[in-house]
Amino acid sequence: EVTVDTTGDDLQAAFDAYPCAKINLATGDYTRSSGCFTIQNAIWLAGVESNPGAAKLRISTSDAAKAIYVLVVSNDLAKVSNVLVSNKGSTANGSNGAIWLWKGLVDGCVVTNCSCATGSGTRLGAGGSLRMEGGTVRNTLVTHCTHNRYCGGGISVLTADCLVENCRVHKCNAGGYANTFGGGIFASAGRVRNCLVTDCTAYQDGFGIYVGNATVENCTVVNCKSSNAATGGGIGLGSKVYSGTSVGDGRPHGEVRNCIAVGCTNTSGSDDSDIVISYAAGLVENSDSVLPVLDPDKGNVSVDPAFDTDYSLKDRTLCVDGGQLLGWMGWTPDLAGNARVQGPAPDMGCFERAASTKLECWIDKVETLDGGIDTATVRLTAGVEGDATGADYSWTVTDQSGTVLAATNGTDCAVVGVSLDRAGDFTIALIVKKGQGEPAIASPVAYSIKASVVYLNAEGSDVQPYATRESHIRSTMRWRS
C-alpha cells in the first residue's frame, strides 16, 4: 500500500511499478504531462473516502483537443474508488472522455464536465464521459458530460459483460448529429439497474436511457428531453447497437423492467414520450409512465408515482410493491442503500419505499355488493402498513348530521360488511389500534346512496330539506294551469 501525493507522472509511474497494490491519493489535482492515465495491473486506486471530489484526475492542457480518455482501466482486479475525473476546470477544457473501462471496477467516483467531440472519440462510437467495454460501475455520479457527435452523453454500456448499478446521471447530453442516442445512458448491451437519470438530453431517441440489446431494471428517468427528435422517449427501446467500431442498426432484444419514466418530452410536444418502443422485439413490463403508453398485460401501469423531492416514492401508488421480483434483489440494495424488497413485492424505480416503523392504515376499498338505490350492502376493506398482527379494526358510518348508522370493531374486521337502510350521503371512518400503541387513523371516505324518488320544491331544487309531496303536486298543477 502506497500513497502518492505529488504529480500525475509519479502516479502513472506507480501504476506501472506495482503489479498489485493499493495506491492512496491525497487531496489535490493529478495531471499527466502528456497522455492519459492507464491501469493495466491489479491496482486499487483509492481517493479520499469521505470526499470523493478531493482527489482529481485530469489530462494536460496540451492534450485537451486530442479526444483521449483521462483514465483507461484494463485489468479484471483493478479498482478505482472515490476519485473525481474531469477534463474541464483548472487544467483543461477539451474534447475528452473521462474513463474507458475495459475490465475492473469503478466505485463511488464522480465524473464531471467531460466531453467527447472529435477524433478517436467519434470513431470509437460512444461514451461522452464513461465508456464501458467490460467491468462494473457502481455508486458513481456522472454529471454535466457530453458526447457531441455520437451516443452516450453520460455512460455508454457497449458489451454484454458490463454492469452499471446504483449510479446517478444528471444533465448529460448526446447531441448535435444524426446518430446521437442516449443522453444519459446508451445501453447497447449489458445490464443497468437501480439508476437515477435526470435532466438529460439527446438529439435522437432515448433522452434519458437508450436500450438496444441491454436489460434495464429498476431505473427512474425524470425530465429528460430531445433537442431535435419529434419521436422517441425518455426510455427508448430501438434498433441501435454497438458493433465493435460504430453504432448501427441491429436486431436487438432489449428489456425494461420495473422502471419509471416521468416528464420526458420530444420536440413534437407528444404526450406519450416517457417510454417508447420503436422496435417490436423490445420488452417492457412492470414499469410505470405517467402517460398511458405501456401494455397493461405486462404489468405496466399509468399513474403518478408521487415522488418525494429526491424521486423516492412517498405515497401509496401502484409503483409501491408493483415491481417484479428479480434475482439480484437479494444482495443489491436500492440507490439509497436500503434493502430492495420491503413489502410483498419490490417497488418500481431506483428507490425502495422503506417499511413504516409505525402502524398506518387507510380505507383500501368500498364496494357496493347489493342495492345502491334507497338501501345498500357495502363491503369495506382496510389497508395497513406495519405489523398489524392482533390489531383491532374499528369502523363507523355516519350521516351528514353526525348520527352513527353503523359501527363494528374487532381483530377480525379488516374486511367487513355493512348494511345501510336509507338514501343519503355518508362518511366512512376507520381506526386501527394495536395494544397500547398509538392508533392509526385513516382518512375518511365519502359514500352515497341514491333515492328512488326525489321530491322537488317550487324552485326545482332537490337539496334537502325536500318539499313535501303535496306541495310538489300543488306547484306542478299551478305551473300547468
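Values below: every heavy atom of this structure, side chains too, minus hydrogens, waters and symmetry copies. Quick caveat: nothing in here was measured; it's all calculated off a predicted structure.
For the residue pair W362 and E385, no side-chain donor N or O sits within less than 3.5 Å of a side-chain acceptor on the partner. A donor-acceptor pair shorter than 3.5 Å can be found between the side chains of S33 and D9.
Rounded to the nearest 0.5 angstrom, L430 CG and S443 OG are separated by 10.5 Å. To the nearest 0.5 Å, the span separating OG1 on T220 from CZ on F351 amounts to 7.0 Å.
Across V211, V157, L158, I155, a single residue satisfies side-chain contact (heavy atoms from CB on, under 4.5 Å) together with F186, and that is L158. Just one residue in the list V341, D321, L326 forms a side-chain contact (heavy atoms from CB on, under 4.5 Å) with P346, and that residue is V341.
Within the structure, every pair that satisfies the side-chain hydrogen bond (donor to acceptor under 3.5 Å, both in side chains) test and touches residues 40-55, not counting sequence neighbours, is listed here: W44-S81. Applying the salt bridge (Lys or Arg N to Asp or Glu O under 4.0 Å) definition to pairs two or more places apart or across chains, those involving residues 161-174 are R138-E165, E165-R193. For residues 334-345, the set of pairs meeting the side-chain hydrogen bond (donor to acceptor under 3.5 Å, both in side chains) definition, not counting sequence neighbours, comprises N194-R340, R340-E352.
When all heavy atoms of C200 and G183 are compared, the pair lying nearest together is CB-C, 4.0 Å. Counting all heavy atoms, side chain and backbone alike, Y393 lies closest to A388 at OH-CB, 3.9 Å.
A salt bridge is defined here as a Lys NZ or Arg NE, NH1 or NH2 lying under 4.0 Å from an Asp or Glu carboxylate O, and R191 with E255 fails to meet this definition.
Here the side chains of T265 and S226 are not in contact, with every heavy-atom distance at 4.5 Å or above.
S188 places no side-chain N or O within donor-acceptor distance of the main-chain N or O of G212, the cut-off being under 3.5 Å.
By the 6.0 Å contact criterion, NZ on K433 is enclosed, its count of non-hydrogen atoms from other residues, nucleotides or ligands being greater than 12.
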- request: Kindly indicate, with the supporting measurements, whether the criterion side chain to side chain contact (heavy atoms under 4.5 Å, CB included) is fulfilled by C36 and V70.
  value: CA-CA 5 Å; C36 62; V70 178; 5.9 Å; no
